[in-house]
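So you know, we letter chains A, B, ... as the sequences are listed, proteins then strands, and number each from 1. Only this structure's heavy atoms are used, side chains among them; waters, hydrogens and symmetry mates stay out.
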2 protein chains.
Amino acid sequence: MANQTRLTDFLPYLLSITSNAVSDRIADEYRAHFGLKIPEWRVMAVLGDQGAATQRALVEATRMDKVAVNRACRVLEDRGLLGRRPNSADGRSHHLDLTAPGQKVYRAIMPIALEMEERMFSALSADERTLFKDLLERIRAEAETTGAQP
Amino acid sequence: MANQTRLTDFLPYLLSITSNAVSDRIADEYRAHFGLKIPEWRVMAVLGDQGAATQRALVEATRMDKVAVNRACRVLEDRGLLGRRPNSADGRSHHLDLTAPGQKVYRAIMPIALEMEERMFSALSADERTLFKDLLERIRAEAETTGAQP
DNA sequence: CCAAGGTGGTTCCTCTTGCAACCAATTTGC
DNA sequence: GCAAATTGGTTGCAAGAGGAACCACCTTGG
């Protein structure tokens, strides 16, 4: 076992600084290419992949706060990348979907996103990436089980 | 290869939400037990392990912004957990170190921190943890090489 | 039906975070 | 030995994130 009193050996610390390094790098890229922030990119990714959704559905799909989803949607709507249509089944919400320009941007982003992921994780083999995903999933599941208590 | 157009298959996304889940969980714990935020805890961890240091050294050790370090130190100082002594070698900076009460808190925190890490990563075997650390290191190195350009 | 409670969405406010400008002290170059 | 550049630290500001309160609409129980 390594010296477990060193900050640089704490897994949560390593996880945090690695995640930050990757996020910063990616945020720069999205902003430079498309003027999109990460929340906005996430919303587009879900809509482009799954098609129309309500904000509620987007909150679940992106694991973001509903306020963050709302803001991202409004920005995208203002830029004409996203449209709202009344939800006949529920007057409180709308169906959100990419507009034609939105889909165009989406199709332009995807290759860049994949290429960036490729570059970012080029240090890992295909097997290692699969394993890494699996480890992350298990850690997250564990971290989320012991939730906050009122 | 998995469907690479799903947000939930993107490694940066998985990394981000996992890191957030772990960080939130840990932040709750530190606040509940000691009223410490993560930046403050990191400073204490480094000082407790390495002994006295300047803010500059803490910035490097914790990979936090110098402003974050400064604020964390001031909070700890106000609580009497950390002391400043003039740096005879450089009048601009001070040597910061844990006070006696600070060391007491440090010794109380460490077991809890280790136990929390243990609980959080209990889904992983010892080998998997080592591997996970290694993967994180490689990813971070890669993400940091391609830095921002002016 | 209609009152009470629940839910999607929005706004407001607070707290945190990071950058940029700044001050003081030190080092470097002439 | 002093002006210029550098560095450690501090302050101020502005953007981001998240919580709580709120509105509009829906659902359920009497």
Using a 4.0 Å cut-off on protein heavy atoms (strictly under), produce a 5'-to-3' string for nucleotides 13-22 of chain D with B for base contact, S for backbone-only sugar-phosphate contact, and - for none.
---SBBBB--

Any protein N or O atoms within reach of nucleotides 25-27 of chain C? Criterion: under 3.5 Å, listing atom names and distances.
residue	atom	partner	partner atom	Å
C:dT26	OP1	B:G91	N	2.8

Test of understanding: with salt bridge (Lys or Arg N to Asp or Glu O under 4.0 Å), list the residues that count as partners of [X], not counting sequence neighbours.
| X | result |
| --- | --- |
| B:R71 | none |
| B:R79 | none |
| A:R56 | A:E60 |
| A:D65 | none |

Rounded to whole angstrom units, what separation is found between the [atom1] atom of [X] and the [atom2] atom of [N]?
| X | N | atom1 | atom2 | value |
| --- | --- | --- | --- | --- |
| A:I17 | C:dG18 | CD1 | P | 13 Å |
| A:R31 | C:dC19 | CZ | P | 11 Å |
| B:R56 | D:dT6 | CZ | P | 15 Å |
| B:R63 | C:dT17 | CZ | C1' | 18 Å |
| B:E60 | D:dG9 | CD | C1' | 15 Å |
| B:I38 | C:dC15 | CD1 | P | 18 Å |
| B:Q55 | C:dA24 | CD | C1' | 14 Å |

Any salt bridge linking B:R140 with B:E144? Criterion: basic side-chain nitrogen under 4.0 Å from a carboxylate oxygen.
yes

Between B:R42 and A:S16, a side-chain donor and acceptor under 3.5 Å:
yes

In residues 96-115 of chain A, what donor-acceptor pairs under 3.5 Å come from side-chain atoms, sequence neighbours left out?
residue	atom	partner	partner atom	Å
A:T99	OG1	A:G80	O	2.6
A:T99	OG1	A:L81	O	3.3
A:T99	OG1	A:G102	N	3.2

So, OP1 or OP2 of D:dG9: does either fall under 4.0 Å of a side-chain N or O from B:R84?
no

Quick one: which residue pairs count as a ring-ring contact (aromatic ring centres under 6.0 Å, His included) with a foot in residues 45-103 of chain B, not counting sequence neighbours?
none

Could you tell me which residues satisfy side-chain contact (heavy atoms from CB on, under 4.5 Å) with B:K37, sequence neighbours excluded, listed by chain and number?
B:P39, B:E40

